[in-house]
Every structure is written in C-alpha cells, then in structure tokens.
Amino acid sequence: MTDDVYVIIGASLAGAKVAETLREEGFSGRVVLIGEESELPYERPPLSKGYLLGNDPRDGGRVHDAGWYAENHVELRLGTVAKGIDTARRLVTLHPSDSLHYDKLVLATGSRVRALNIPGSDLAGVRYLRTLDQADALLEGLRAGGNAVVVGAGWIGLEVAAAARHHGCSVTVVEMDSLPLRRVLGDEVATVYRDLHVAHGVDFRLGAGLREFQGDGHVTGVLLADGTVLPADLVVVGIGIRPAVELAESAGLRVDNGIVADARLRTSDEHIWACGDVVSWFHPKLNTQLRVEHWANALNGGPAAARSMLGNSEDYAPVPYFFSDQYDLGMEYAGWVAPGEYDAVVFRGDPAVTGDAAPEFIAFWVAGRRVLAGMNANVWDVTDQIQDLVRAGWAGRSVDLAALADPAVPLDQLLG
Ligand SMILES: Cc1cc2nc3c(=O)[nH]c(=O)nc-3n(C[C@H](O)[C@H](O)[C@H](O)COP(=O)(O)OP(=O)(O)OC[C@H]3O[C@@H](n4cnc5c(N)ncnc54)[C@H](O)[C@@H]3O)c2cc1C
C-alpha cells in the first residue's frame, strides 16, 4: 500500500486510460480524475459519426460505465475546472475554491476548437463540434433539415457534411484550400474525398474566403469574400483545434505547440506527465517532437504515461494511427508524413470514385522506396502489415514499388 496521490487533469479518453492503467499495473494509492465536462469520460469519434447519424446511443462512447470508477477507487471530480498548479508545493487549485495535493500529476487536457471571429460569429445556429453537448445540439439542427454550410473541409467538417446529407440537408462546404484535406493527404488522395462528397450531392466552394455570417438573431446566410451569399439554416465551423495548454503555461511548464515532453511523456517538471492531444513528445523513431490529435494517441498515450509514472523505462514510439468514416467509405491511416514531404503516392487498387460507390484501395506515401504512411480505404485487416511497413521505412528499409502497387503480392511479403 502507498498513500501517494496521483492526480489526472482532463477526464476524457487519455485521462481515463491513465486511471485504468494505474490500477491495472497495481498502483494502490489515491487516483483522482478531474474533468470540467459533467459527462462520464467518453470517446469523441462517434460524435461526428454514429451518434450524429442518429444510429448510436448517446452514452455509446463511454470509456467506462459509472460503476467502474467506484469499483476501482478512482475518484471522479466532474464539472470541476483545474485552474492552477503550484509546482513548488505540488498543489492543484480547483474552481471555485478547493485544492488538492499531488505526488504525481498528469495533464490530459486535450484540445479546444479554434473559434472563428468574423461578423455574425455569435449568431444562433453557428455551431462547433467537440463535446457531447455540442453534438446533441448539432444533431437536433441536422434533423430539422434545410441548408447546412460547413466551414472547413478537414476530417470533422467532412464527417459532419456526410451526416448532414444523411439527414437530408442541402450541404455546402466552404474551404480556403484548393481541395479538402489537401494538407494532410496531398492532392492525390484529397481528390478522392472531394469526388466522394460531390457524388453524394455536396457543393464545394474551394479556394473561398469568408466575410461574414448574416442573420438577425439566427444565422440565415454566409457571405463569401467574392460576394456570394450562401443560404444557411445551420453553420458548422470546423477549422481545427489547438492544444489546451493554458494550465501548463501558467504553471511554467515548457510549451511549444503543446506541452513539451520527453520520449516517456515526462514534462519539464519531474512530477508532471502529459498525454493525448495536448502533448508534444519526443518520438524517438521519427527523431522529432510530435503532437497527434487522434483517438489512438489518447488510447495508447494514456497507458504509456501511467506506466512511465510507475517507473517503466519504455519509450512511447507508436506508429501514429487514425480512422475516419464518411458515407460508405471507411479508412484507416497509419504513419506520419510532414506536409508535402513525400515523393509519390503509390496506389494498390483503383481510387476512382464511380457513381456514389466508395472505392477500395490502399494508398502508400513513399520517400524514395521507403514507406512513410499507408491508408487503407474499404480494405480491412491490413493495418498491422501497413504499420510494419512504416516501421521498416523508419529503419531505412526499402520496398519494391511495383510490388507495393500489386494486390497479388501479400503486404507481409514486401519486406522479404
Ligand atoms: C467530433 C470528433 C470526431 C473525432 N473523430 C476522430 C476519428 O474518427 N478518428 C480519430 O483518430 N480521432 C478522432 N477525433 C479526435 C479524438 O477524439 C481526440 O484525439 C481525442 O478525444 C483526444 O483525447 P484527449 O483525452 O487527449 O483529449 P480531449 O478528448 O480533448 O479531452 C480533454 C478533456 O480535458 C478537459 N479539460 C481541459 N482543461 C481542463 C481543466 N483545466 N480542468 C479540468 N478539465 C479540463 C476537457 O474539458 C476535456 O474533457 C475526433 C474528435 C472529435 C471532436
């Protein structure tokens, strides 16, 4: 038994996974999980997919049921904001007046949406999507139908666009760039997503600037920089997120595009760790600081932080992974490519969208003959092999590009 107190700030996927792993690994001290939302910790991907489509129940994404926290002696403090950290006295101050001593602390404060600040931003009907409450309101709006304008053609914007089409809304997506997802996927695969949405009736305004949201109390239109007014009953802004670093910054921790941590997720303070969306950690295989805003990094980074707190000396070096579902196209992406830093995209299968049928293919981003990343689209049970190819690429091993493109060659034979 120990009377150590481990405190976790941020009660979402990463934070709940820290608590789970501490108990699984036998930590017998006090575990306190603090979260500003009033919901039990939940996963966010269903908010733009199954829940927003109206298929999944509201509580379907819970990380654990309510009984788990009591059974595992994890003290949940929901609806509670951590407002300061005194690193010298090892105290967390809570809103409005409580404080809590810690022996070790984890920051799993995640991300917050980037807000758009143009005239009309505060009109009713201009929405964001990060929390379950916001998903409730958005679902209600989509069910009402009408004209939906999505600002930003990233993952969230596109998944919302697909859900809006599912509910029968007319959908226009406004994006500054020349293609949706171009910065993440490059032109070759971004084109697939554009064509898929167009086939489902989405109207894209690409290379478009926004001037204002119009309306009297409630949004009725979106004025673009070229003077076009798009009618709107609902606007969803999905222009990205920023790491929630305020607390770390005010505590004097090193922050640089996220809370800076080493390969074992330790921050610049020896008693504080960070994980999930908020951490920029040193990835020892990629040899760079990395911040990953995806589900798998919360799922696996939480446990890695917990084990590191307990003295495990293993580096956290995952192959970054994420997934997305839009219409009938499900995909998984594994690997890491800095924007524009690849030589070619090699396709295994045909990525062309014909009619509104989703294609089946794997795309590989390569540098020379090394695989940097792979995305399987409607091709399943290959992510382990793709991750092996990426790890081999990190180790400098090459593959034959013709064989990479050939569906007749099993992926696990490409490395010899
Ligand atoms: C709609 C949506 C769909 C997504 N879909 C996918 C997907 O398909 N695939 C994928 O890979 N990823 C997806 N993601 C991303 C994924 O959900 C995130 O990467 C993941 O939620 C990160 O988990 P986290 O625990 O690090 O942080 P968050 O989930 O951001 O949680 C952080 C928590 O900390 C709380 N907090 C912050 N500051 C304080 C404080 N001072 N005191 C108390 N509490 C605080 C916040 O309120 C929040 O509850 C999606 C995200 C969203 C929003």
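Counting starts at 1 for both ligands and their atoms, following the listed order.
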From [options] - option closest to [atom] by heavy atom:
atom	options	answer
atom 20 (C) of ligand 1	Leu13, Asp277, Asn297	Asp277
atom 9 (N) of ligand 1	Tyr321, Phe323, Tyr51	Phe323
atom 41 (N) of ligand 1	Ser111, Ala82, Pro46	Ala82
atom 35 (C) of ligand 1	Ala16, Gly10, Gly84	Gly10

Identity and separation of the nearest protein heavy atom to [atom]:
atom	result
atom 13 (C) of ligand 1	Pro45 CG, 3.9 Å
atom 51 (C) of ligand 1	Arg44 CB, 3.8 Å
atom 16 (C) of ligand 1	Trp295 N, 3.8 Å
atom 15 (C) of ligand 1	Glu293 O, 3.8 Å
atom 46 (C) of ligand 1	Glu36 OE2, 3.7 Å
atom 27 (O) of ligand 1	Gly110 CA, 3.2 Å

Yes or no: does [X] have any heavy atom under 4.0 Å from an atom of ligand 1?
X	value
Arg112	yes
Lys83	no
Ala244	no

- Task: Would you please test Asp277 and Arg291 for salt bridge (Lys or Arg N to Asp or Glu O under 4.0 Å) and show each step?
- Result: CA-CA 7 Å; Asp277 273 19; Arg291 195 168 65 76; 5.8 Å; no
Examine the proximity of ligand 1 to [X] and report which part, side chain or backbone, both or neither, has a heavy atom under 4.0 Å away.
X	value
Thr109	both
Ala135	neither
Thr80	backbone
Lys49	side chain

Aromatic ring pairing [X]/[Y], orientation class (parallel under 30°, perpendicular over 60°, tilted between):
X	Y	result
Tyr327	His200	parallel
Trp281	Tyr316	tilted
Phe27	Tyr6	parallel
Phe204	His197	perpendicular
Trp68	His64	parallel

- Note on the structure: salt bridge (charged side-chain N to carboxylate O under 4.0 Å, His left out) pairs touching residues 326-336, sequence neighbours excluded, are none
- Query: Taking the side chain as C-beta and beyond, is there a heavy-atom pair between Leu52 and Glu159 under 4.5 Å?
  - Reply: no
- Query: Does atom NZ of Lys83 have more than 12 heavy-atom neighbours, drawn from other residues, nucleotides or ligands, at distances under 6.0 Å?
  - Reply: yes
With nothing but distance in play, are any N or O atoms of [X] less than 3.5 Å from an N or O of ligand 1?
X	result
Ala14	yes
Ser48	no
Glu37	yes

